[in-house]
Each structure stands twice: as C-alpha cells, then as structure tokens.
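In this text the structure is predicted, and so the values were computed from the model without any measurement. Excluded from the calculations below are hydrogen atoms, water molecules and symmetry mates; all remaining heavy atoms, backbone and side chain alike, are included.
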Amino acid sequence: MPDITPTTRPSDEDLARLLTHPRYPRSNGYDVRWVIENQMGPNALWLLEWLAPALGLDTLRPCARVLDLGCGRAMTSVFLAREYHAQVTAADLWVKPDENAARIAEAGFADRVLPVHTEAHALPFAEGSFDAIVSIDAYQYFGTNDLYLPTLTRLLKPGGRIGIVVPALREEIDGAEPPEHLAQWWEPDFWCFHTADWWRRHWTRSGAVEVETADWLDDGWQDWLLWVDVVAEESPQEFHRTMARWVRDMVRADAGRTFGFVRLVGRRK
C-alpha cells in the first residue's frame with residue numbers, strides 16, 4: 001500500500017489513481033476530493049455500489065422513490081439520483097438538512113433529492129411510500145432491536161426491497177470481552193456489529209421480509225484500510241484525520257480476522 005504522508009502528499013490525479021477500484025466502476029467517476037471532504041466513515045459510495053446489484057437498483061423504474069436512511073452528508077443520495085435516476089429522500093439525524101440541501105444543489109440534484117431531518121424511530125412517512133430503502137453504515141445503530149424492521153418496512157410498497165451495508169464481524173464473539181488483539185481500540189458501540197448469519201436470522205425472525213442476500217465482502221477490510229489511509233492525511237477536517245488514523249491502526253492490526261462488511265437485502269412480504 002502506498003505511503004501517504006504530509007511530505008509525499010499526492011496530487012488530485014495521484015489520489016484518483018490510488019482510489020480507482022475495479023470493483024466500483026461507478027464510484028470511480030466521482031471527484032475524489034468531494035468524496036474525501038464529505039465522508040463520515042468507510043467509503044459509502046463503494047459500499048452502496050456493492051449493495052446495488054443485490055438490491056436490484058438497476059431494475060427500478062425511472063423516478064422510483066428511495067429512502068436513504070442515515071444518509072450522512074448525502075453523498076449516497078446524490079449517487080442514487082445520478083446513477084439510478086431515483087427520487088431520493090435523504091434522511092439523517094446528525095447532519096442538518098440545510099447543509100445537505102446546499103451540497104445536493106451544488107451537485108445538480110436539488111429536484112431529485114429531498115433532505116430531511118429525522119430520527120430512525122420517528123420517520124414521518126406514510127405506509128407504502130417507497131419502492132426501496134437503503135442504509136449505508138448506519139443501520140447497525142438502530143436496527144438490532146427485534147421490533148424495528150417491521151415498523152420500517154411498512155414504509156415499503158409490497159414487494160419493495162430494503163438493503164443495507166454495515167460494519168460486521170467475520171464470526172460472532174463469545175462472552176463479554178473483545179478479541180485480545182483489538183482490546184486497546186474496542187468501544188462498546190462495536191457490540192452492535194454482527195455476522196451475516198446473525199443478520200439473516202434477525203431479519204427472518206421478524207417476519208417482515210424475505211431475506212434475499214446476506215453475505216460478507218471478501219477483502220473488505222483492505223478497502224477500508226486503503227480508504228482510511230487516505231482520509232487520515234487528506235481530510236480537510238482535523239477530527240476526521242484523527243479518527244481515520246485511529247481506525248487505520250485498528251483495521252491494520254486486525255487484518256481481516258474480525259472486522260469487515262456485510263450486505264443484507266430483504267423483500268417486503
């Protein structure tokens with residue numbers, strides 16, 4: 001992996017080459033500085049592009065209504081509008097809708113992406129409002145509750161799909177202690193990470209959806225490491241640079257033994 005340090009800071013062209021990924025051809029077309037400046041964790045465009053074929057985004061009708069739940073700075077919402085011609089509701093609790101509205105308008109999609117400030121348990125939408133629901137690197141914070149999925153999927157039209165990508169575990173952890181090699185980085189929030197099998201069972205038991213996909217991203221930790229290595233030096237915000245360095249050390253020490261990403265898709269019954 002290339003060494004990115006302040007003394008060898010790459011040009012925009014170098015960064016674009018470094019982050020060009022054969023698995024994510026659509027994401028490769030986005031301005032790399034824009035993606036870095038608006039990130040809030042793992043590369044959300046990469047994760048959404050991995051989710052897209054399982055969710056059937058290419059088969060959605062033009063102007064299909066999509067809820068982007070936990071959209072952050074609305075990069076994924078712009079991606080959904082641009083790549084799949086969706087009419088997107090960009091819902092987030094942490095980022096103000098005025099801020100996202102400016103970002104969305106600058107990207108040229110003010111007519112197709114509506115930013116909304118809302119909490120995941122108080123969504124102000126009618127039953128059957130959406131053709132699809134998407135959530136990237138957010139669902140783990142509110143969706144492990146056994147009662148949550150049925151209340152969310154009522155917003156889908158019958159037969160509509162929900163798809164998520166979440167940080168995940170390769171294997172469930174027994175007991176109350178983290179793996180020894182991760183002890184210095186472990187946060188209580190990490191207990192909301194689970195395996196693909198756990199998520200499949202969790203959604204199946206809800207009775208709300210038929211699970212169509214529940215799988216692990218092969219070598220996803222390497223994508224994560226590449227991304228945080230860049231953000232650690234290139235983010236314009238000190239907070240994000242500091243967080244990325246912390247995550248980089250953790251992901252590098254783990255080397256795929258524990259952490260990665262899970263993709264989950266369910267169809268409303």
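No side-chain donor from either of N43 and Y24 sits under 3.5 Å from a side-chain acceptor of the other. Residues H21 and N28 bring no donor and acceptor atom of their side chains to less than 3.5 Å of each other.
A salt bridge links K157 with D131: the closest approach of a Lys/Arg side-chain nitrogen to an acidic carboxylate oxygen falls below 4.0 angstrom. Between E99 and R73, no side-chain nitrogen of the basic residue sits less than 4.0 Å from a carboxylate oxygen of the acidic one, so the salt-bridge criterion is not met. The pair R248-E233 meets the salt-bridge criterion, since a charged nitrogen lies less than 4.0 angstrom from a carboxylate oxygen. In this structure, R17 pairs ionically with D14, as a charged nitrogen and a carboxylate oxygen lie closer than 4.0 Å.
Counting non-hydrogen atoms of other residues, nucleotides and ligands closer than 6.0 Å to CD of E238 gives a total above 12. Annotation for E106: atom CD does not count as buried by contact number, only 12 or fewer foreign heavy atoms lying within 6.0 Å. Atom CD of E177 has 12 or fewer heavy atoms from other residues, nucleotides or ligands within 6.0 Å. Surrounding CD of E171 are at most 12 heavy atoms belonging to other residues, nucleotides or ligands under 6.0 Å away.
Within the 4.5 Å cutoff, no side-chain heavy atoms of V32 are placed close to those of V230. Counting heavy atoms from C-beta outward, D58 and Y84 have side chains that approach closer than 4.5 Å. When side chains are defined from C-beta on, W185 does not count as touching D254, because their heavy atoms never get closer than 4.5 Å. Under the 4.5 Å side-chain criterion, counting only non-hydrogen atoms from C-beta, L182 is in contact with F259. The closest side-chain heavy-atom distance from I173 to W191 is below 4.5 Å. Contact check for P178 versus F190: no side-chain heavy atoms found under the 4.5 Å cut-off. Between L217 and V165, the closest side-chain pair of non-hydrogen atoms is not below 4.5 Å. Counting only heavy atoms from C-beta outward, the side chains of V78 and W34 approach each other to under 4.5 Å.
Remark: W246 CH2 to E187 CD distance equals 4.5 Å, nearest 0.5 Å. Separating the OH atom in Y148 from the OG1 atom in T144 is a distance of 11.0 Å, to the nearest 0.5 Å. Expressed to the nearest 0.5 Å, how far OG of S235 lies from CZ of R33 amounts to 10.0 Å. Interatomic distance, S129 OG to L155 CG, rounded to the nearest 0.5 Å: 6.0 Å. The distance from atom CG of L48 to atom CG of D137, rounded to the nearest 0.5 Å, is 12.0 Å. We find the CG-OG distance between L114 and S77 to be 10.0 Å, quoted to the nearest 0.5 Å.
Between I164 and the options L69, I133, V134, L264, a side-chain contact (heavy atoms from CB on, under 4.5 Å) holds for only L264.
Listed for the N100 side chain is no donor-acceptor partner under 3.5 Å among the backbone atoms of P115. E172 contributes no side-chain N or O that, together with a main-chain N or O of W198, makes up a donor-acceptor pair within less than 3.5 Å. Between the side chain of T153 and the main chain of L156, no donor-acceptor pair closer than 3.5 Å is present. A donor-acceptor pair is defined here as one N or O able to donate and one able to accept, closer than 3.5 Å; such a pair exists between the side chain of E119 and the backbone of H121. Between the side chain of Q140 and the main chain of A138, a donor-acceptor pair closer than 3.5 Å is present. Under a 3.5 Å cut-off, the side chain of Y30 and the backbone N or O of L45 do not form any donor-acceptor pair.
Residues G163 and L55 come closest through the heavy atom pair N-CD1, 3.6 Å.
A perpendicular orientation is assigned to the rings of W199 and H202, their planes being inclined by more than 60° (bins at 30° and 60°). Ring-plane geometry between Y141 and W94 is classed as tilted, the angle between the planes lying from 30 to 60 degrees on a 0 to 90 degree scale.
Residues V95 and M75 do not share a hydrophobic cluster, clusters being chains of Ile/Leu/Val/Met/Phe/Trp/Tyr side chains in contact below 4.5 Å.
A ring-centre distance under 6.0 Å is not found for W46 and W224.
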Evaluate side-chain contact (heavy atoms from CB on, under 4.5 Å) for R268 paired with F130, printing each intermediate quantity in order. CA-CA 11 Å; R268 181 181 177 182; F130 299 102; over 6 Å; no
